[in-house]
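Residue indices begin at 1 and follow the sequence shown. Remember, it's a predicted structure, so these values are computed and weren't measured experimentally.
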Amino acid sequence: MAAATAITKLGRALQQRRTFINARVKWVGDPYLDEAVQREKNLKQLLSLKDRIVSSPSKSLPLSSLSLLKPLFNLHVTAAAFLEKYTSVFATFQPSRSLPLHVRLTPQALDLHKEEEETIHLSPPHRNAAVQRLAKLLMLAGAGSLPLYIVDRFGFDLGLPHDYVTSLICDYPDYFEVTEVNDRLNGGKTLALSLTSPRKSLAVSEMERREASVNGSRVQKGLRIRYSMNFPKGYELEKRVKNWVDQWQDLPYISPYENAFHLGSHSDQAEKWAVAVLHELLYLLVSKKTETENVLCLGEYLGFGTRFKKALVHHPGIFYMSHKIRTQTVVLREGYHKAFLIEKHPLMGMRHRYLYLMSRSGRAMKRDYVPRVKRSNQSFAAASVE
């Protein structure tokens, strides 16, 4: 009995232990992952605008309404200038002499949208997979529920349809319900997406699945699972940081679907659990990346405080933070080989086709260029009221 008590006390002491040395973990740019982020410049904004246009009954929008969309879609230029930049995707027309100019999708963009809807968002296998990814997001850290404004932050990267509340979760009442909850961040009331019941079959992380697959066994708790680490060419950790990481890797792995907030918040074990949550979160995303602000907002709501930020800084071999395209993006390193996704979700293949269509706009503009004559589109310019 005395020996068992001593072992229990030792285990608790180790759970509170912090050994991370006071050393600066340097950030070094990764040109390949920066390229992966840079490649998708303006893609999210373009697809958001595309979805807004096709959601209207006429599949078009008045140009005069575009100025209202700039803050909504986080555009860095006027909406009219943005549309003019991508003439292979957007086109202007006048429905009748009595009506103002409207914008709609080009035939190529509309065909691509229809293919995306039919093969991805209306496909039962893809819908079921999206529902499972969404359910697993809600289950992280044992939460089971998240405010809709936080889920919205991850909708694009999770591969959800833009109108997922009405087009997806309403068809899965056995999975989800929308409830009113107290917002932990501001204290007010807010709408939240919750699981109707626990989904224990989904509470297996990618790291646990791999370990079980390699060992040919069932998923076991408390194993010393080590993370894959990759660094840019020429990058080396300080020796004392490397020694700490090696010891940290040998700590028991705690599932990201467990609630482990009983651990000392500054302990090494708590940091390994925080990394487990971050790793699983990024693995759930079809792009294996998202804006850092999304991650920090989720961590703040769940109760991690600054621990997510510290974990991202302490483990550059697992996570990479890119500063491209006017924001900061956190990338799961193991999801990429150089600048390309290792496991490409069909939706990512579709998005790359949109990128190709966007690039054709640039080539067309170059062909139309006349020296010393300012190229303009009077239709778009007239619509800019900003």
Under 4.5 Å between side-chain heavy atoms, hopping through other hydrophobics if needed: is there a path connecting [X] to [Y]?
X	Y	value
Val313	Val295	yes
Tyr164	Val178	yes
Leu63	Phe93	no
Met229	Leu237	yes
Phe261	Leu251	yes

Among all residues two or more places apart in sequence or in another chain, which pass the side chain to side chain donor-acceptor pair (under 3.5 Å) test with Asp51? none
Once side chain to side chain donor-acceptor pair (under 3.5 Å) is applied, do any residues pair with Lys189, and if so which ones, sequence neighbours excluded? Asn182
Salt bridge (Lys or Arg N to Asp or Glu O under 4.0 Å) between Glu208 and Lys221, worked out: CA-CA 9 Å; Glu208 290 174 315; Lys221 303 297 182 182; 3.3 Å; yes
Please check this pair: side chain of [X] against backbone of [Y], looking for a donor-acceptor N/O pair closer than 3.5 Å.
X	Y	value
Ser88	Ser361	yes
Ser213	Arg210	no
Thr87	Glu84	no
Ser56	Lys59	yes
Ser123	Ile120	no
Asn294	Thr290	no
His102	Pro100	yes
Trp273	Ser255	yes
Arg224	Pro252	no
Thr292	Gln328	yes

Set out, in order, the CA-CA distance, both residues' side-chain angles and the distance that settles side chain to side chain contact (heavy atoms under 4.5 Å, CB included) for Ile254 and Leu263, then state yes or no. CA-CA 11 Å; Ile254 299 177; Leu263 297 171; 3.7 Å; yes
Between [Y] and [X], is there a side-chain heavy-atom distance shorter than 4.5 Å?
X	Y	value
His76	Lys70	no
Leu185	Tyr149	yes
Ser55	Asp163	no
Leu298	Leu302	yes
Cys170	Phe176	no
Leu347	Glu116	yes

With sequence neighbours left out, what residues match [X] under salt bridge (Lys or Arg N to Asp or Glu O under 4.0 Å)?
X	result
Arg39	Glu35
Lys242	Asp246
Glu211	none

Taking the six-membered ring for Trp, is the centroid-to-centroid distance between [X] and [Y] below 6.0 Å?
X	Y	answer
Tyr336	Tyr320	no
His323	Trp27	yes
Phe90	Tyr86	no

Could you tell me whether Arg133 sits above the aromatic face of Phe154, with NZ or CZ closer than 6.0 angstrom to the six-membered ring centre and within 45 degrees of the axis? no
Give every residue pair that meets the ring-ring contact (aromatic ring centres under 6.0 Å, His included) criterion with at least one member in residues 222-241, sequence neighbours excluded. Tyr227-Trp248, Tyr227-His279, Phe231-Tyr235
Which pairs, with at least one residue in residues 103-129 and sequence neighbours excluded, count as a ring-ring contact (aromatic ring centres under 6.0 Å, His included)? His126-His345
Where is the tightest heavy-atom contact between [X] and [Y], given as atom of each residue plus distance?
X	Y	answer
Leu68	Pro71	O-CD, 3.7 Å
Leu202	Tyr175	CD1-CE2, 4.3 Å
Ser145	Tyr301	O-CE2, 4.4 Å
Phe304	Ala141	CE1-CB, 4.1 Å
Phe319	Ala311	CD1-O, 4.2 Å
Val286	Leu341	O-CD1, 3.9 Å

Hits for side-chain contact (heavy atoms from CB on, under 4.5 Å) against Ser98, two or more places apart or cross-chain, chain-then-number order -> Ser96
Test of understanding: with side-chain contact (heavy atoms from CB on, under 4.5 Å), list the residues that count as partners of Leu69, not counting sequence neighbours. Leu49, Arg52, Leu61, Leu66, Leu72, Phe73
Going through the checks in order, is the side chain to side chain contact (heavy atoms under 4.5 Å, CB included) test met by His266 and Arg307? CA-CA 8 Å; His266 299 293; Arg307 282 184 276 172; 5.8 Å; no
Please evaluate residues Tyr283 and Glu343 with respect to the criterion side chain to side chain donor-acceptor pair (under 3.5 Å), reporting the C-alpha separation (whole Å), side-chain torsions for both, the decisive distance (0.1 Å), and the verdict. CA-CA 10 Å; Tyr283 189 82; Glu343 298 179 14; 3.2 Å; yes
Before you tell me yes or no, could you show the steps for Lys272 and Ser267 under side chain to side chain contact (heavy atoms under 4.5 Å, CB included), namely the whole-Å CA-CA distance, both residues' side-chain angles and the distance that decides it to 0.1 Å? CA-CA 9 Å; Lys272 186 157 187 180; Ser267 67; over 6 Å; no
Could you name each residue pair satisfying salt bridge (Lys or Arg N to Asp or Glu O under 4.0 Å) that touches [range], not counting sequence neighbours?
range	value
residues 276-292	Glu40-Lys289, Lys136-Glu280
residues 169-180	Arg127-Asp171
residues 92-115	Glu115-Arg353

Can you list the steps and then say if His315 with Glu271 is a side chain to side chain donor-acceptor pair (under 3.5 Å)? CA-CA 10 Å; His315 301 283; Glu271 182 159 311; 2.8 Å; yes
Leu140 side, atom CG; Leu146 side, atom CG - distance, nearest 0.5 Å: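 The CG atom of Leu140 sits 8.0 Å away from the CG atom of Leu146.
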Could you go through the side chain to side chain contact (heavy atoms under 4.5 Å, CB included) check for Leu312 and Lys309 one step at a time? CA-CA 5 Å; Leu312 293 174; Lys309 186 175 182 179; 5.6 Å; no
Between the side chains of Asp30 and Arg333, is the shortest nitrogen-to-carboxylate-oxygen separation below 4.0 Å, so that they form an ion pair?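 Result for this pair is yes, salt bridge flagged.
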